**Q** 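The structure is given below, and queries will be raised subsequently.
Positions are given from 1, in the same order as the sequence printed here. From a predicted model like this one, the values you see are computed outputs, not experimental measurements.
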Amino acid sequence: MFPAFTLSYSRLPERFYERFEPVPVREPRLIAFNRPLAEALGFDLAAFDAEEAAVWFSGNVVPRGAEPLAQAYAGHQFGGFVPRLGDGRAVLLGEVTDRDGRLRDIQLKGAGRTPFSRGGDGRAPLGPVLREYLVSEAMHAMDIPSTRALAAVTTGEHVVRGIPELGAILTRVAASHIRIGTFQYFAARGDIDGVRELADHAIERHYPELTKRKGGERYLGLLESVQARQAALVAKWMGVGFIHGVMNTDNTSISGETIDFGPCAFMEQYDPQMVFSSIDEGGRYAYANQPWIAQWNLARLAETLLPLIDDDTERAIELATELLQRFPERYDEEWLAVMRAKLGLERAQPGDKALAEALLAIMHRGRADFTLTFRRLADTAENREAEASLIALFERPEDIAGWLEDWRQRLAQDLWAEDERARRMRLANPAFIPRNHRVQQALTAAMDENDYGPFETLLEVITHPFDDQPGREEYTRPAEPTERVFRTFCGT
């Protein structure tokens with residue numbers, strides 16, 4: 001059933017990983033399978049059999065040609081450096097080339113205790129597996145770079161996270177699983193050759209245009225390229241109200257994909273200081289902090305690359321610092337492009353940033369729902385009578401009424417017809433996101449009642465985020481006070 005494996009990572013020196021066979025589970029059962037993704041990856045779906053697939057996606061049988069391994073990496077976790085982390089419950093089977101010619105990792109998450117488990121059981125509870133499946137597929141549907149979910153199986157065994165929970169394994173697909181923390185692992189050991197080999201591998205895989213560069217220019221170019229992708233990625237997060245929740249350097253992908261959906265969530269009522277992670281007590285990874293944490297993480301990547309950038313340490317620091325100082329400008333450009341699309345602005349004008357920031361400030365004061373505000377603004381762009389439903393979201397309607405007049409004056413400077421502007425705005429403003437209470441309801445039904453119907457329905461809804469879906473309006477509704485979810489957990 002599996003396509004042929006490419007084994008580029010396992011051909012790197014053995015200090016990059018530990019060989020590891022997935023630990024068999026008692027009773028694997030396939031509970032979710034992403035057929036469109038499988039087809040894009042080149043799976044033989046004509047030979048698909050759910051029972052056989054459960055055996056493969058549980059790790060009970062290793063696919064032919066795979067060479068399973070757990071990757072080594074380090075990382076700053078909430079600001080504190082841990083020199084040895086690594087895949088504590090994940091195993092990389094290898095890479096496959098999809099139908100578009102792109103190399104994709106296939107990894108089993110929750111596959112058992114590895115040499116990097118640090119006392120953990122190496123398993124995953126069902127709830128976090130389903131959360132990552134839902135949120136990663138929603139991100140992909142919103143055109144936000146993300147790892148993806150190929151399959152989920154239950155194991156027939158329990159894991160203990162305070163209480164016994166049903167175990168599960170997620171099959172995750174990524175451009176790669178190389179992280180900033182992977183570079184830190186070798187740098188912390190003074191292994192400059194390891195950093196260089198990893199950098200060359202990352203360049204070949206993700207930034208082949210840099211292979212023509214020589215010497216330090218190649219590695220400075222790597223830092224610049226990763227910075228550009230991180231700026232664009234975080235700007236897109238901010239545009240949909242997404243809070244990653246645990247932006248450690250070991251959760252920051254070199255490829256520019258969203259990775260590791262643990263205590264993540266989407267804001268409802270707009271609050272720039274919103275935090276959902278149960279372990280982020282100080283608010284380090286609050287919504288508004290995400291761009292600056294991205295820059296902080298990039299500085300940690302820069303530190304690992306200094307010996308490659310220039311033999312003169314002072315000169316290397318100067319070059320890296322100059323580049324990192326351009327991050328705020330690059331991020332602002334990306335964020336403003338996102339906001340212009342959300343506001344229906346055709347051409348850039350000097351006052352656009354102030355207009356966007358003013359709306360966010362009014363949303364904060366008015367305790368308005370992030371997603372509904374922008375979606376209803378799209379309706380208002382086409383039909384002024386829709387203003388009433390937008391204004392109803394705000395506790396201070398006079399504020400938004402005044403802003404709408406400024407917005408309409410700004411729209412008059414562009415050439416789009418009203419229907420064209422509204423169409424474009426709806427493509428930039430999702431109607432459906434994985435609202436926290438809906439995700440929790442789906443997880444609870446699966447965990448407590450073995451009912452996957454709510455999960456399957458929610459998955460169908462959120463993977464068509466920009467479409468009007470008659471009959472599913474309830475999925476656009478914010479949580480009632482008794483339904484609100486204020487804390488999310490990573491499940492490790």
**Q** For E480, is there any backbone N or O sitting under 3.5 Å from a side-chain donor or acceptor partner on E483?
**A** yes
**Q** So I144 and S146, side-chain contact (heavy atoms from CB on, under 4.5 Å) or not? Walk me through it.
**A** CA-CA 6 Å; I144 298 173; S146 174; 5.6 Å; no
**Q** Go through the structure and list residues passing side-chain hydrogen bond (donor to acceptor under 3.5 Å, both in side chains) with T258, not counting sequence neighbours.
**A** W237
**Q** I'd like to know whether CD of E52 has more than 12 heavy-atom contacts from other residues, nucleotides or ligands below 6.0 angstrom.
**A** yes
**Q** Is the positively charged end of R179 above the ring of Y73, judged by distance under 6.0 angstrom from the centroid and angle within 45° of the axis?
**A** yes
**Q** Could you note down all residue pairs passing ring pair (Phe, Tyr, Trp, His ring centres under 6.0 Å) where residues 32-54 supplies at least one of them, sequence neighbours left out?
**A** F2-F43, F33-F48, F33-F57
**Q** Using only atom types and a distance under 3.5 Å, with no angle test, would you say the side chain of E382 pairs donor to acceptor with the backbone of A422?
**A** no
**Q** Under the 3.5 angstrom rule, does the side chain of T182 hit a backbone N or O of I178 as a donor-acceptor pair?
**A** no
**Q** State whether R423 and E420 are salt-bridged, where the test is any N-O pair (Lys NZ or Arg NE/NH1/NH2 against Asp/Glu carboxylate O) under 4.0 Å.
**A** yes
**Q** More than 12 non-hydrogen atoms from neighbouring residues, nucleotides or ligands closer than 6.0 Å to CZ on R365, yes or no?
**A** yes
**Q** Does F432 offer a backbone N or O that forms a donor-acceptor pair with the side chain of Y475 under 3.5 Å?
**A** no
**Q** Can you see whether T252 engages N297 through a side-chain donor-acceptor pair at a distance of less than 3.5 angstrom?
**A** yes
**Q** Under a 3.5 Å cutoff, is there a donor and acceptor pairing between the side chains of S255 and S253?
**A** yes
**Q** If you draw a 6.0 Å radius around CD in E204, do more than 12 non-hydrogen atoms from other residues or ligands fall strictly inside?
**A** no
**Q** Return the minimal non-hydrogen interatomic distance between L233 and G256, and the atom names on each side.
**A** CD2-O, 3.5 Å
**Q** How many angstroms lie between atom OG1 of T373 and atom CG of L393, to the nearest 0.5 angstrom?
**A** 5.0 Å
**Q** Measure from the side-chain N and O atoms of R375 to the backbone N and O of T476, and report whether any donor-acceptor pair falls under 3.5 Å.
**A** no
**Q** Please determine whether the number of non-hydrogen atoms from other residues, nucleotides or ligands lying under 6.0 Å from atom CD of E395 exceeds 12.
**A** yes
**Q** Do the side chains of E217 and K212 get close enough for a salt bridge, i.e. N-O under 4.0 angstrom?
**A** no
**Q** Are Y270 and P272 side-chain neighbours, meaning at least one heavy-atom pair lies under 4.5 Å?
**A** yes
**Q** Can you measure from OG1 (T97) to CG (L103) and round to the nearest 0.5 angstrom?
**A** 5.0 Å
**Q** Testing the 3.5 Å rule here: is there a donor-acceptor pair between the side chains of E137 and N34?
**A** yes
**Q** With distance as the sole criterion, is a donor-acceptor pair present between the side chains of S8 and E95 under 3.5 Å?
**A** yes
**Q** If you measure from the Lys or Arg side-chain nitrogens to the Asp or Glu carboxylate oxygens, is any gap between E474 and R438 under 4.0 Å?
**A** yes
**Q** Less than 4.0 Å between a side-chain N and a carboxylate O, is that true for E268 and R435?
**A** yes
**Q** Output yes when a side-chain donor or acceptor of H140 lies under 3.5 Å from a complementary backbone atom of S136, and no otherwise.
**A** no
**Q** Which side chain to side chain donor-acceptor pair (under 3.5 Å) pairs, counting each pair once, include a residue from residues 445-457, with sequence neighbours left out?
**A** R29-N450
**Q** Kindly determine whether R148 and R172 satisfy side-chain contact (heavy atoms from CB on, under 4.5 Å), including the steps that lead there.
**A** CA-CA 6 Å; R148 297 194 62 190; R172 181 162 72 180; over 6 Å; no
**Q** R426 vs D468, test: salt bridge (Lys or Arg N to Asp or Glu O under 4.0 Å). Steps then yes/no.
**A** CA-CA 9 Å; R426 291 188 183 104; D468 291 324; 5.0 Å; no
**Q** Tell me, yes or no, whether the heavy-atom count around E39 atom CD, taken from other residues, nucleotides or ligands under 6.0 Å, exceeds 12.
**A** no
**Q** In sequence, state the C-alpha distance, the side-chain angles, and the governing distance for F455 and I31, and then conclude on side-chain contact (heavy atoms from CB on, under 4.5 Å).
**A** CA-CA 10 Å; F455 166 82; I31 55 173; over 6 Å; no
**Q** Distance check, rounded to the nearest 0.5 Å: Q269 atom CD versus M363 atom CE?
**A** 10.0 Å
**Q** Indicate yes or no: does D352 engage R410 in a salt bridge with an N to O separation below 4.0 Å.
**A** yes
**Q** Taking all atoms of both residues into account, what is the closest heavy-atom pair of A174 and T147, and its distance?
**A** CB-CG2, 3.7 Å
**Q** Let me have the donor-acceptor pairs involving side chains of residues 323-330, under 3.5 Å, with sequence neighbours excluded, atom names and distances please.
**A**
none

**Q** Return yes if some donor-acceptor pair links the side-chain N/O of W403 with the main-chain N/O of L355 below 3.5 Å, else return no.
**A** yes
**Q** Do you know which two heavy atoms are closest between M142 and P430, and how far apart they sit?
**A** SD-CG, 3.8 Å
**Q** Applying salt bridge (Lys or Arg N to Asp or Glu O under 4.0 Å), name anything that partners E405, two or more places apart in sequence or on another chain.
**A** R384
**Q** Backbone N or O of T380 within a donor-acceptor pair of the E385 side chain at under 3.5 Å?
**A** no
**Q** Does a salt bridge link E387 with R376, judged by any charged N lying under 4.0 Å from a carboxylate O?
**A** no
**Q** Rounded to the nearest 0.5 Å, how far does NZ of K342 lie from CG of L377?
**A** 9.5 Å
**Q** Salt bridge check, K109 against D87: does any charged N sit closer than 4.0 Å to a carboxylate O?
**A** no
**Q** Only pairs at least two apart or in different chains count here, so list each side chain to side chain donor-acceptor pair (under 3.5 Å) that has a residue in residues 241-250.
**A** Q184-T249, N248-Y285
**Q** Just verifying a value: how many Å separate I259 CD1 and M139 CE, rounded to the nearest 0.5 Å?
**A** 12.5 Å
**Q** Judged by modelled atom types alone, do R229 and H206 share a side-chain donor-acceptor pair under 3.5 Å?
**A** no
**Q** Of the non-hydrogen atoms in V129 and A152, which two are nearest, and what is the gap between them?
**A** CG1-CB, 3.9 Å
**Q** Looking only at heavy atoms, which two atoms of G262 and R131 are closest? And how far apart?
**A** O-CD, 3.4 Å
**Q** Working note: Y9 + H201, criterion ring-ring contact (aromatic ring centres under 6.0 Å, His included); need CA distance, chi angles, decisive distance, verdict.
**A** CA-CA 8 Å; Y9 203 85; H201 176 79; 5.6 Å; yes
**Q** Is there a side-chain contact (heavy atoms from CB on, under 4.5 Å) between V226 and Y207 once you walk through the steps?
**A** CA-CA 9 Å; V226 175; Y207 306 101; 3.8 Å; yes
**Q** Please find the pair of heavy atoms, one from F266 and one from V135, that lie closest to each other, and give the distance.
**A** CE1-CG1, 4.0 Å
**Q** Does D100 offer a backbone N or O that forms a donor-acceptor pair with the side chain of D98 under 3.5 Å?
**A** yes
**Q** CG of L301 to CD1 of I180: how many Å apart, nearest 0.5 Å?
**A** 5.0 Å
**Q** Working note: R340 + D414, criterion salt bridge (Lys or Arg N to Asp or Glu O under 4.0 Å); need CA distance, chi angles, decisive distance, verdict.
**A** CA-CA 12 Å; R340 283 195 178 103; D414 291 336; over 6 Å; no
**Q** Is it the case that the side chain of R218 and the backbone of T211 share a donor-acceptor pair, with hydrogens and angles ignored and the cut-off at 3.5 Å?
**A** yes
**Q** Strictly below 4.0 Å, N to O, side chains only: are D105 and R205 in salt-bridge contact?
**A** yes
**Q** Regarding R284 and the six-membered ring of W296, is the cationic atom NZ or CZ under 6.0 Å from the ring centre and inside 45° of its axis?
**A** yes
